[in-house]
Engineer: 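Can you read through this structure? Questions will come right after.
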Amino acid sequence: MPELPEVEGVVRALAPKVEGDTIVKVELSSTIYNSCREGKQCIVKNIEPHLFEEVMQGMTIEKVVRRSKYIYFHLQKVEEKFLFVNHLGMTGAWFVVQTLDEIREEKFRKHVHAIFTLHTGELLVYADIRRFGEMRFIKKIEEHPPLLLMAPEPFDEHACEFFLQKCELPKYQNKPIKEVIMDGQVISGCGNIYATEALFKMGIHPARKANRISKMRKAELFNTIRTILQESIEMGGSTISDYRNINGEAGGMQHRLKMYGKKVCPTCESATKSLIIGGRTSVYCPKCQH
DNA sequence: CATGCTGACCGGCGGC
DNA sequence: TGCCGCCGGTCAGCA
């Protein structure tokens, strides 16, 4: 599943291929049309599928940037600026190809949901196996309040201070630390994999209440998260489940993971345990983490 | 009003 | 081989 480092990899690969290009045509899958017609939640969130296709037509992709685990496509049409926001959910992936059969993996090829034809003739393709991804077409960030509430980028110089301040709020004081660091309004882009790894590295039990950790250790924890995210970006992300980068390549970070998905602690060889915290499976070493 | 919990969205895959 | 149920990021909606 793509987390911040994986999304960063996607954006770095995607940006140089599509920035400056103009979208001449958009086709959404019949699956999207059907879900929408049945009133179900679907990938395209805030707009009718046919309107989405229409409004995207003629848009120039000015810039592609990552914000937390979201991809922001900054668009422009006749001097007017818009934003197309995408989240990859669990299984979303982007491809830039000449034809769809260039998508090597069948499970992605079978689940293509949006095809943006560019003025160059290339196809910018969004595939999503489980359809947990999101696409929103908006004029301003304000149109979708959750985007405004996101914590600063973890590499922002104020992000640590922001995290420490949030921890002081009553609603976070008594929560398990893992739930707090995975909350996108506290720290951006720290998903299950990297939260698990950082807590293991710090020797902190994932269920420990936030207010039972000193401010100094919280700051260290933040730095650990930031360092792990950075390391993973450099490794090309973790290839877990269905994540691939835009070239269909796997990352290397999964070989460096020490606790996520492990049965045995790499330090003391105890059997790991798992708990459900904030609705998510949380693996930890009962001997090394307190 | 703020917070908190539940459910909805899915197909792959593990387990039986 | 077949089928059932689990898994998870995000947010809407309701208590």
Side-chain angles (χ1 to χ4, degrees), chain A residues 1-8 10 28-47 49 66-72 85-93 105-114 126-138 141-151 154 166-176 178-196 206 209-211 229 237-244 254 257 260-263 274-283:
Chain A
M1 62 215 75
E3 294 197 22
L4 183 149
E6 291 76 36
V7 179
E8 178 68 21
V10 170
L28 298 175
S29 68
S30 53
T31 308
I32 287 181
Y33 271 90
N34 290 337
S35 295
C36 195
R37 187 152 26 79
E38 292 164 23
K40 290 183 185 173
Q41 293 186 28
C42 87
I43 297 172
V44 177
K45 295 295 181 189
N46 60 338
I47 184 170
R66 180 188 60 72
R67 174 71 177 94
S68 186
K69 297 184 215 168
Y70 291 86
I71 302 173
Y72 287 3
V85 180
N86 166 242
H87 191 293
L88 299 171
M90 305 292 296
T91 52
E105 280 176 288
E106 192 191 355
K107 54 183 177 177
F108 286 114
R109 204 170 54 241
K110 265 170 56 185
H111 298 281
V112 166
H113 289 292
Y126 180 73
D128 192 336
I129 301 164
R130 291 192 212 175
R131 287 185 268 153
F132 270 35
E134 290 182 29
M135 290 185 177
R136 291 174 199 276
F137 174 83
I138 54 181
I141 297 279
E142 286 73 14
E143 283 178 40
H144 186 56
L147 299 176
L148 279 177
L149 297 173
M150 279 192 292
K166 283 278 184 177
C167 287
E168 301 294 317
L169 297 177
K171 69 168 177 167
Y172 294 116
Q173 290 269 330
N174 215 32
K175 279 192 176 174
K178 181 156 178 282
E179 205 176 323
V180 177
I181 63 177
M182 287 181 65
D183 185 325
Q185 297 184 23
V186 179
I187 297 179
S188 266
C190 182
N192 206 5
I193 298 174
Y194 301 108
T196 299
K209 302 283 187 258
N211 64 4
L229 290 173
S238 302
T239 302
I240 302 281
S241 179
D242 295 311
Y243 166 75
R244 293 291 181 281
Q254 68 279 8
L257 302 179
Y260 183 84
K262 301 292 181 197
K263 295 265 182 282
S274 83
L275 274 176
I276 304 296
I277 298 171
R280 278 111 157 185
T281 304
S282 305
V283 184

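In what follows, chains carry the letters A, B, and so on, assigned in the order in which the sequence lines appear, proteins first and then strands, with residues in each chain numbered from 1.
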Engineer: B:dC13 P sits how many Å from A:Met90 CE, rounded?
Structural biologist: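 So the CE-P distance, A:Met90 to B:dC13, works out to 13 Å.
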
Engineer: For A:Phe132 and B:dC9, is the gap between ring centres under 5.5 Å while the planes differ by less than 30°?
Structural biologist: yes

Engineer: With a 4.0 Å cut-off on heavy atoms, is A:Tyr172 in touch with a base, just the backbone sugar-phosphate, or nothing at all?
Structural biologist: nothing

Engineer: Considering all heavy atoms of both residues, which atom of A:Ser188 and which atom of A:Arg67 are nearest to each other, and what is their separation?
Structural biologist: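 Looks like OG-NH1, 3.4 Å.
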
Engineer: Side chains of A:Asn192 and A:Lys178: any donor to acceptor distance under 3.5 Å?
Structural biologist: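 Yes, A:Asn192 and A:Lys178 have a side-chain donor paired with an acceptor closer than 3.5 Å.
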
Engineer: For A:Lys40 and for A:Lys175, locate the closest nucleotide of DNA chain B by heavy-atom distance; then report the residue assigned to the nucleotide nearer the 5' terminus.
Structural biologist: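 Nearest nucleotide further toward 5': that of A:Lys175.
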
Engineer: Tell me whether A:Glu143 contacts the main-chain N or O of A:Ile138 through its side chain, where contact means a donor paired with an acceptor under 3.5 Å.
Structural biologist: no

Engineer: To the nearest 0.5 Å, what is the distance between OH on A:Tyr194 and CD1 on A:Ile187?
Structural biologist: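 Interatomic distance, A:Tyr194 OH to A:Ile187 CD1, rounded to 0.5 Å: 15.0 Å.
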
Engineer: Are A:Glu105 and A:Lys107 close enough, and set up right, to give a salt bridge (Lys or Arg N to Asp or Glu O under 4.0 Å), and what steps lead you there?
Structural biologist: CA-CA 6 Å; A:Glu105 280 176 288; A:Lys107 54 183 177 177; 5.0 Å; no

Engineer: Are any of the side-chain heavy atoms of A:Lys110 and A:Ile129 separated by less than 4.5 Å?
Structural biologist: no

Engineer: Whether the side chain of A:Arg131 engages the backbone of A:Gly133 through a donor-acceptor N/O pair (distance < 3.5 Å, no angle test) should be reported.
Structural biologist: no

Engineer: If you walk 5' to 3' along DNA chain C, what is the first nucleotide with an atom under 4.0 Å of a heavy atom in chain A, and what is the last?
Structural biologist: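 Nucleotide range with atoms under 4.0 Å of chain A: C:dC7 to C:dA12.
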
Engineer: Looking at B:dG11, I'd like to know if its phosphate oxygens (OP1 or OP2) sit under 4.0 Å from a side-chain N or O belonging to A:Arg130.
Structural biologist: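 For B:dG11, OP1/OP2 do not have a side-chain N/O of A:Arg130 under 4.0 Å.
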
Engineer: By nearest nucleotide on DNA chain B, pick out whichever of A:Lys110 and A:Gly39 is the more 5' one.
Structural biologist: A:Gly39

Engineer: Quick check against the 3.5 Å criterion: does A:Glu134 have a side-chain atom that pairs as donor or acceptor with the backbone of A:Val44?
Structural biologist: no

Engineer: Base, sugar-phosphate alone, or nothing: which one does A:Lys69 contact when heavy atoms must sit under 4.0 Å apart?
Structural biologist: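 If one applies the 4.0 Å heavy-atom cut-off, A:Lys69 turns out to touch the sugar-phosphate alone, with no base involved.
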
Engineer: What parts of residues 274-282 of chain A reach DNA chain C, counting only heavy atoms under 4.0 Å away?
Structural biologist: A:Arg280, A:Thr281

Engineer: Counting only N and O atoms by type, is there a donor-acceptor contact under 3.5 Å from the side chain of A:Thr91 to the main-chain atoms of A:Gly89?
Structural biologist: no

Engineer: Separation of A:Asn34 atom CG from B:dC9 atom P, in whole Å?
Structural biologist: 14 Å

Engineer: Nearest whole Å is fine: how far is B:dA2 C1' from A:Gln173 CD?
Structural biologist: 17 Å

